[in-house]
Amino acid sequence: MGLTMGERNTVTKEIAARHRRATKKQKGIILDEFTALTGYNRSYASYLLNSHGKEVRVNSGVVIKADVRKKANRQRQKFYDEKVKRVLRQIWEMMGCICGKRLAPIIKELIAKLKEFKELAIDIKTEQKFLTISPATIDRLLKEYRKMHELKGRSHTKPGTLLKSQIPIRTFSQWDEQRPGFLEIDLVGHEGGDPSGEFIQSLDSVDICAGWVELDAVRNKAQK
């Protein structure tokens with residue numbers, strides 16, 4: 001069983017200190033020992049021992065000491081930047097918040113038409129990025145905006161323990177979706193996003209077999 005990465009880092013630190021003080025002949029022996037212990041190839045092992053702990057004097061008061069165990073955090077520049085997100089959100093909202101699979105095939109044509117009628121301001125570099133954008137990327141870039149448009153509790157129907165105890169339970173064998181007369185019934189609220197106070201609700205009744213739908217508007221959820 002080989003060494004863990006943490007153990008290799010510790011070994012590198014200890015052997016690099018010996019390697020710096022050794023003669024040329026001794027360095028060859030230490031390198032053989034280091035490669036056998038860690039499993040690194042000679043080229044990489046030599047780089048580690050020569051670089052680790054190496055001091056570089058920047059000026060009279062500053063000395064930088066190398067530590068090969070620490071990796072620089074490289075942050076790749078985003079291809080689809082904030083400009084792309086801004087334009088994409090604008091187009092997405094114009095199209096009624098459709099999904100990425102429906103938006104991606106038509107987005108090139110949409111941009112051309114919106115530019116033609118001066119409904120969209122976009123530079124050439126940003127426009128070219130939309131030529132290769134995928135449906136998955138569209139959905140990922142719009143994820144935070146989708147949450148802002150999510151509708152919750154539209155039916156406003158909550159189970160009540162008192163009422164539920166008075167309703168006889170139907171078993172699966174009594175429910176026949178292949179025969180007309182079995183309905184799914186629910187209320188849909190038209191509160192415009194503000195569920196406080198009274199507002200019109202639609203009482204929806206759907207026959208599962210026939211697909212027949214009956215709709216009726218009610219003022220509230222009162223029994224009357």
Side-chain angles (χ1 to χ4, degrees), residues 5 9 44 47 51 56 58 62 64 66-159 184-208 210-221:
M5 187 56 67
N9 290 336
Y44 181 61
Y47 159 74
S51 302
V56 178
V58 180
V62 179
I64 298 176
D67 187 350
V68 295
R69 298 172 301 166
K70 300 187 185 301
K71 302 291 183 181
N73 292 327
R74 296 180 182 178
Q75 200 164 21
R76 188 175 64 178
Q77 188 174 6
K78 291 182 179 179
F79 182 74
Y80 298 107
D81 52 19
E82 290 301 319
K83 285 185 179 179
V84 173
K85 287 180 69 174
R86 177 181 57 79
V87 173
L88 179 60
R89 182 185 180 184
Q90 185 178 351
I91 295 172
W92 175 66
E93 290 180 342
M94 285 180 180
M95 295 301 295
C97 305
I98 61 177
C99 66
K101 285 187 178 181
R102 293 175 60 198
L103 185 56
I106 60 173
I107 199 163
K108 180 181 176 182
E109 184 181 352
L110 280 173
I111 291 175
K113 287 296 181 182
L114 290 170
K115 285 176 61 181
E116 181 183 346
F117 291 99
K118 296 181 171 45
E119 293 289 337
L120 182 68
I122 183 173
D123 58 81
I124 298 298
K125 187 177 179 181
T126 302
E127 184 178 353
Q128 288 175 343
K129 293 181 180 181
F130 281 98
L131 302 179
T132 57
I133 196 166
S134 67
T137 302
I138 289 175
D139 288 334
R140 177 173 55 81
L141 295 175
L142 293 172
K143 186 177 180 180
E144 60 180 294
Y145 305 123
R146 285 185 183 279
K147 288 184 178 179
M148 296 165 58
H149 287 75
E150 282 182 358
L151 298 175
K152 298 180 180 179
R154 293 306 300 272
S155 70
H156 304 281
T157 306
K158 297 179 181 179
E184 284 191 358
I185 303 173
D186 204 354
L187 287 169
V188 178
H190 304 288
E191 81 291 353
D194 182 8
S196 60
E198 286 193 350
F199 45 86
I200 296 296
Q201 304 206 30
S202 292
L203 180 62
D204 298 350
S205 303
V206 182
D207 188 296
I208 305 302
W212 185 269
V213 180
E214 287 288 345
L215 302 173
D216 196 5
V218 293
R219 183 172 180 178
N220 49 41
K221 293 192 290 186

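All of these numbers come straight from a predicted model, not from anything done at the bench.
Contact check for Lys85 versus Lys78: no side-chain heavy atoms found under the 4.5 Å cut-off. A 4.5 Å side-chain heavy-atom check between Cys97 and Arg146 finds every atom pair outside the cut-off. Side-chain contact check for Leu88 versus Ile107: some heavy-atom pair is nearer than 4.5 Å. Within the 4.5 Å cutoff, no side-chain heavy atoms of Ile122 are placed close to those of Leu114.
Leu131 contributes atom CG, which lies 7.5 Å from atom CD1 of Ile111 (distance to the nearest 0.5 angstrom). To the nearest 0.5 angstrom, Asp186 atom CG is 9.5 Å from Gln201 atom CD. Residue Leu110 holds its CG atom at 6.5 Å from CD1 of Ile91, rounded to the nearest 0.5 Å. Atom CE in Met95 sits 4.0 Å away from atom CD1 in Ile106 (nearest 0.5 Å). The CG atom of Leu203 sits 5.5 Å away from atom CG of Leu187, with the distance rounded to the nearest 0.5 Å.
Nearest approach of Gly100 to Pro105, heavy atoms of both residues: O-CD, 4.4 Å. In plain terms, the two heavy atoms of Ile200 and Ala217 that are nearest each other are CG2-CB, 4.1 Å.
Residues passing the side-chain hydrogen bond (donor to acceptor under 3.5 Å, both in side chains) test with Asp81 are Lys129, sequence neighbours excluded. Every residue two or more places apart in sequence or in another chain was checked for a salt bridge (charged side-chain N to carboxylate O under 4.0 Å, His left out) with Asp207, and none qualifies. Listed by chain and number, the residues in a side-chain hydrogen bond (donor to acceptor under 3.5 Å, both in side chains) with Glu119 amount to none (sequence neighbours excluded). Residues passing the side-chain hydrogen bond (donor to acceptor under 3.5 Å, both in side chains) test with Ser205: none are found, sequence neighbours excluded.
We find that Lys113 and Glu116 are joined by a salt bridge, their nearest charged nitrogen and carboxylate oxygen being less than 4.0 Å apart.
Listed for the Asn220 side chain is no donor-acceptor partner under 3.5 Å among the backbone atoms of Glu198.
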For the pair Arg86 and Thr126, evaluate side chain to side chain contact (heavy atoms under 4.5 Å, CB included) and give the outcome as yes or no after the intermediate values.
CA-CA 10 Å; Arg86 177 181 57 79; Thr126 302; over 6 Å; no

Full working for side chain to side chain contact (heavy atoms under 4.5 Å, CB included) between Lys125 and Lys83
CA-CA 10 Å; Lys125 187 177 179 181; Lys83 285 185 179 179; over 6 Å; no

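Evaluation of the side chain to side chain donor-acceptor pair (under 3.5 Å) test over residues 93-111, restricted to residues two or more places apart or in two chains, returns Arg89-Glu93. Identified under the ring-ring contact (aromatic ring centres under 6.0 Å, His included) test for residues 78-110, with sequence neighbours left out: Trp92-His149.
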